[in-house]
Amino acid sequence: NAGVTQTPKFQVLKTGQSMTLQCAQDMNHEYMSWYRQDPGMGLRLIHYSVGAGITDQGEVPNGYNVSRSTTEDFPLRLLSAAPSQTSVYFCASKGLSFTTNEKLFFGSGTQLSVL
Amino acid sequence: EDKVVQSPLSLVVHEGDTVTLNCSYEVTNFRSLLWYKQEKKAPTFLFMLTSSGIEKKSGRLSSILDKKELSSILNITATQTGDSAIYLCASSGSARQLTFGSGTQLTVLP
């Protein structure tokens with residue numbers, strides 16, 4: 001059972017480069033999200049989606065773009081990488097039905113460094 | 001804006017000690033409060049507390065939700081070195097988003 005799969009696990013970029021972090025889940029979850037984690041700041045929500053074709057901004061959306069063309073996939077795009085985007089990124093998903101609890105399932109994370 | 005605050009930020013104890021981690025929340029239309037353990041990478045789920053389930057226990061770990069004080073505690077008894085981790089608290093409200101606290105770094109020394 002794969003759960004939430006994130007790639008790559010590590011990435012180094014130069015300032016100004018663009019890249020896409022991939023996220024896929026096989027649990028048929030409606031809700032998918034991207035968080036970044038910086039030391040001492042917990043997890044901060046970047047973008048989220050409640051279904052295919054629907055996305056919305058979280059707490060720290062600037063510099064990131066997302067799309068949701070299928071239920072399974074939710075890629076995160078860095079448009080022009082900046083050193084401030086050096087962080088660990090987590091993709092997470094959950095169901096949204098009335099009887100489903102709020103438990104988020106996390107991917108293994110991507111360590112991103114922007115030089 | 002939803003807000004979750006955890007304390008202490010870090011804690012160092014010795015094996016066998018009992019620890020209490022704190023979490024307070026300000027969430028519009030509160031739905032649930034969750035605890036996660038994060039060791040090396042992805043957070044792993046521990047407990048979920050709601051208005052209809054304010055106390056959970058699993059082995060040496062237990063958690064209680066205080067709806068009046070808008071807070072929760074996570075207790076770990078007879079700590080082991082394997083309990084060393086960051087413990088994250090998160091709360092869900094009407095927006096269905098999980099808002100996370102900054103975490104408590106627990107270090108258990110042998």
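Only this structure's heavy atoms are used, side chains among them; waters, hydrogens and symmetry mates stay out. Below, chains carry the letters A, B, ... as their sequence lines are ordered, and counting in each starts from 1.
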For residues 39-48 of chain B, which side-chain N or O atoms pair as donor and acceptor with protein atoms under 3.5 Å away, sequence neighbours left out?
| unit_1 | atom_1 | unit_2 | atom_2 | d |
| --- | --- | --- | --- | --- |
| B/Thr44 | OG1 | B/Lys37 | O | 3.0 |

Discussion item. Are B/Val4 and B/Leu33 linked, directly or through intermediate hydrophobic residues, by side-chain heavy-atom contacts shorter than 4.5 Å (ILVMFWY only)?
Written reply: yes
Practice prompt. Name the region of B/Leu98, side chain, backbone, both or neither, that has any atom closer than 4.5 Å to a heavy atom of chain A.
Written response: both
Discussion item. Checking an interface table here. Which of residues 43-69 of chain A come within a heavy-atom distance under 4.5 Å of chain B?
Written reply: A/Leu43, A/Leu45, A/Tyr48
Discussion item. Count I, L, V, M, F, W, Y as connected when their side-chain heavy atoms are under 4.5 Å apart, and connections chain through other members. Are B/Ile86 and A/Leu104 then in the same cluster?
Written reply: yes
Worksheet item: When hydrophobic residues are tied together by side-chain contacts of less than 4.5 Å, even through go-betweens, does B/Ile76 share a cluster with B/Leu11?
Response: yes
Practice prompt. Would you mind checking which part of A/Gln6 comes under 4.5 Å of any heavy atom in chain B, side chain (CB onward), backbone (N, CA, C, O), both or neither?
Written response: neither
Worksheet item: Looking at A/Gly107, A/Gly42, A/Ala92, which one has more heavy-atom pairs under 4.5 Å with chain B than the rest?
Response: A/Gly42
Worksheet item: Should B/Val19 and B/Leu61 be regarded as members of a common hydrophobic cluster, given that ILVMFWY residues are connected when their side-chain heavy atoms come within less than 4.5 Å of each other, either directly or indirectly?
Response: yes
Discussion item. Report, in residue-number order, which members of residues 101-110 of chain B are under 4.5 Å from chain A by heavy-atom distance.
Written reply: B/Gly101, B/Ser102
Discussion item. Grouping I, L, V, M, F, W and Y whenever their side-chain heavy atoms are under 4.5 Å apart, do B/Leu70 and B/Leu65 come out in a common cluster?
Written reply: yes
Worksheet entry | Side chains of B/Phe100 and A/Met41 in contact at under 4.5 Å (non-hydrogen atoms) | no
Practice prompt. Test side-chain contact (heavy atoms from CB on, under 4.5 Å) on B/Gln38 and A/Phe106 and set out the steps.
Written response: CA-CA 11 Å; B/Gln38 185 177 26; A/Phe106 284 89; over 6 Å; no
Fill in: chain B neighbours within residues 74-86 of chain A, where any heavy atom lies under 4.5 Å away
none
Discussion item. Check this for me: B/Lys57, atom NZ, are more than 12 non-hydrogen atoms of other residues, nucleotides or ligands nearer than 6.0 Å?
Written reply: yes
